[in-house]
Protein chains: 2
Amino acid sequence: MTATEGPSATGGEEPSATGGEEPSVTGVDLPGPGRGDTVAEVVRQWRAVHPGLDTGPMEVIGRINRCAALLQQAEDAPLRRAGLTRPEFDLLGALRRTGHELTPSELARETFSSGAAVTKRLKQLTERGLVERRGDARDRRVAHVRLTAPGRDLVDGILPAQLAYETAALSGLDGPELGELAALLGTLLGQLEGRLGALRA
Amino acid sequence: MTATEGPSATGGEEPSATGGEEPSVTGVDLPGPGRGDTVAEVVRQWRAVHPGLDTGPMEVIGRINRCAALLQQAEDAPLRRAGLTRPEFDLLGALRRTGHELTPSELARETFSSGAAVTKRLKQLTERGLVERRGDARDRRVAHVRLTAPGRDLVDGILPAQLAYETAALSGLDGPELGELAALLGTLLGQLEGRLGALRA
DNA sequence: AGCAGGTAATTTACTCGTGAATCATATGCC
DNA sequence: GGCATATGATTCACGAGTAAATTACCTGCT
């Protein structure tokens, strides 16, 4: 939950972050380099106010949320230069990477967004000539969406810039660290995608 | 950028995810347990279409984004039960954990949101009696915001539920894994917060 | 055949956040 | 002192997403 600290979407400020460190409580001690990020300070504050708290999960989840917010902010830059929002690019990207036509509902699943949102985005992207629609012959409820040539070129043009940004953003971690991080996140994500329905209550 | 795969905010579906695995290209091989999550499939698709691509960063960033989206979705549940949105809770939480009054601009910095958004949220929270405002004597432009007793009780009531959700969500990782993850995210976040301004171009 | 129920896509009404003004005040400078 | 400039907070117009209804169509059952 942004561990009670919000990565909502907006600004890119850097709060005070003065504090002194204290060890984690989960039985997990954060080694040296976790020092000084915003989340550490937030956790410190919570522990000062609610000493009984197990802040272990907060340190992980808060950082995931904050990293996600900062990374997205940074990566939106090359998209804006191309006149696209990220959800729009995600939609185009889904078409590009699957290589075949997709129906609106498939696009919704693939981009983790609502059907209504997809409908609106498709309208805009169609008007801009990046995408084309075709009605299904058998079932006239469904539509098939595909990239136009300009749409494909746009995606292919943006992708390298996007990856360059990603590489730059991660340049603080060396190869093995990156691998470990990917692996740990992979097992976490696997768990979350598998049995999160149970938690959704 | 959700690694060209969108964690926008909405649904919680599970796309096909059929694929077979192939090794990473960054010089980093993902070990066994990264298998089968949604991002792995997306990465596989991109590599099939653009074989030259270095997908290493995507595997990390895509997973961070997707984890963040799923975790937020899960953790919003206890908040809705209390009639709060997450941004509202973040605001109240900032007041609670700092322990003292904050001005609207400080709240904006602390919750990483825009001033306008804070203004609106304060109006609502004030109407609900969770928060109080007081004008500054010296500088009549600034206001000071503090939690009311019901506001403080509300936060303190929600917090345990929140942490329980977090603990449950992370239960797939054992102690040492959690610690490593927190540490790696900590160094990444430190890097991002430090010199991301340079990338914001 | 004909209807009950389900599903794809869209539309509608609404909420929320944003960036760009705007107001009100404070502060530095000549 | 008095004006220029900066800053805190708010307001405004708008874009984008959502949930809930709506439309249009298919399919299985009797």
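The shown structure was predicted, so the numbers you read here are calculated from the model rather than taken from an experiment.
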Is it true that [X] and [Y] make a salt bridge, defined as a side-chain N closer than 4.0 Å to a carboxylate O?
| X | Y | value |
| --- | --- | --- |
| Arg97(A) | Glu110(A) | yes |
| Asp139(A) | Arg141(A) | yes |
| Glu59(A) | Arg44(A) | no |

task = Drop me the distance from Gln191(A)'s CD to Leu173(B)'s CG, to the nearest 0.5 angstrom.
result = 7.0 Å

Once you round it to whole Å, what is the distance between [atom2] of [N] and [atom1] of [X]?
| X | N | atom1 | atom2 | result |
| --- | --- | --- | --- | --- |
| Asp90(A) | dG17(D) | CG | P | 11 Å |
| Lys123(A) | dA16(D) | NZ | P | 11 Å |
| Phe112(B) | dG17(C) | CZ | P | 16 Å |
| Asp139(A) | dT7(C) | CG | C1' | 9 Å |
| His144(A) | dA8(C) | NE2 | C1' | 11 Å |
| Asp76(B) | dC16(C) | CG | C1' | 14 Å |
| Arg80(B) | dA19(D) | CZ | P | 8 Å |
| Glu101(A) | dA8(C) | CD | P | 17 Å |

key: Residue mapping more 5' on DNA chain D - nearest nucleotide basis, Arg141(B) or Gly115(B)   = Arg141(B)

key: 5′-ward residue of the pair Gln124(A)/Ala137(A) relative to DNA chain D   = Gln124(A)

Let's see if you can work this out: which of [options] has an atom nearest to the side-chain heavy atoms of [X]?
| X | options | answer |
| --- | --- | --- |
| Arg140(B) | dT25(C), dC25(D), dG19(C) | dT25(C) |
| Lys120(B) | dC26(D), dA13(D), dG19(C) | dA13(D) |
| Pro87(A) | dG17(D), dG17(C), dT11(C) | dG17(D) |

Between Arg121(B) and Thr85(B), a side-chain donor and acceptor under 3.5 Å = no

task = Please work out if Thr85(A) contacts a base, only the sugar-phosphate, or nothing of the nucleic acid, heavy-atom cut-off 4.0 Å.
result = nothing

message = When you measure from the side-chain N and O atoms of Arg133(A) to the phosphate of dT10(C), is any distance below 4.0 Å, counting only OP1 and OP2?
response = yes

query = Any side-chain N or O of Arg121(B) less than 4.0 Å from the OP1 or OP2 oxygen of dG17(C)?
reply = yes

task = Mark yes or no for whether Arg146(A), through its side chain, and His100(A), through its backbone, hold a donor-acceptor pair below 3.5 Å.
result = no

ask   = Within 45 degrees of the axis of the six-membered ring of Phe89(A) and under 6.0 Å from its centre: does Arg96(A) put its NZ or CZ there?
value = no

Which nucleotides of DNA chain C pair, in dot-bracket form (Watson-Crick or G-U under 3.5 Å, | meaning another strand) = ||||||||||||||||||||||||||||||

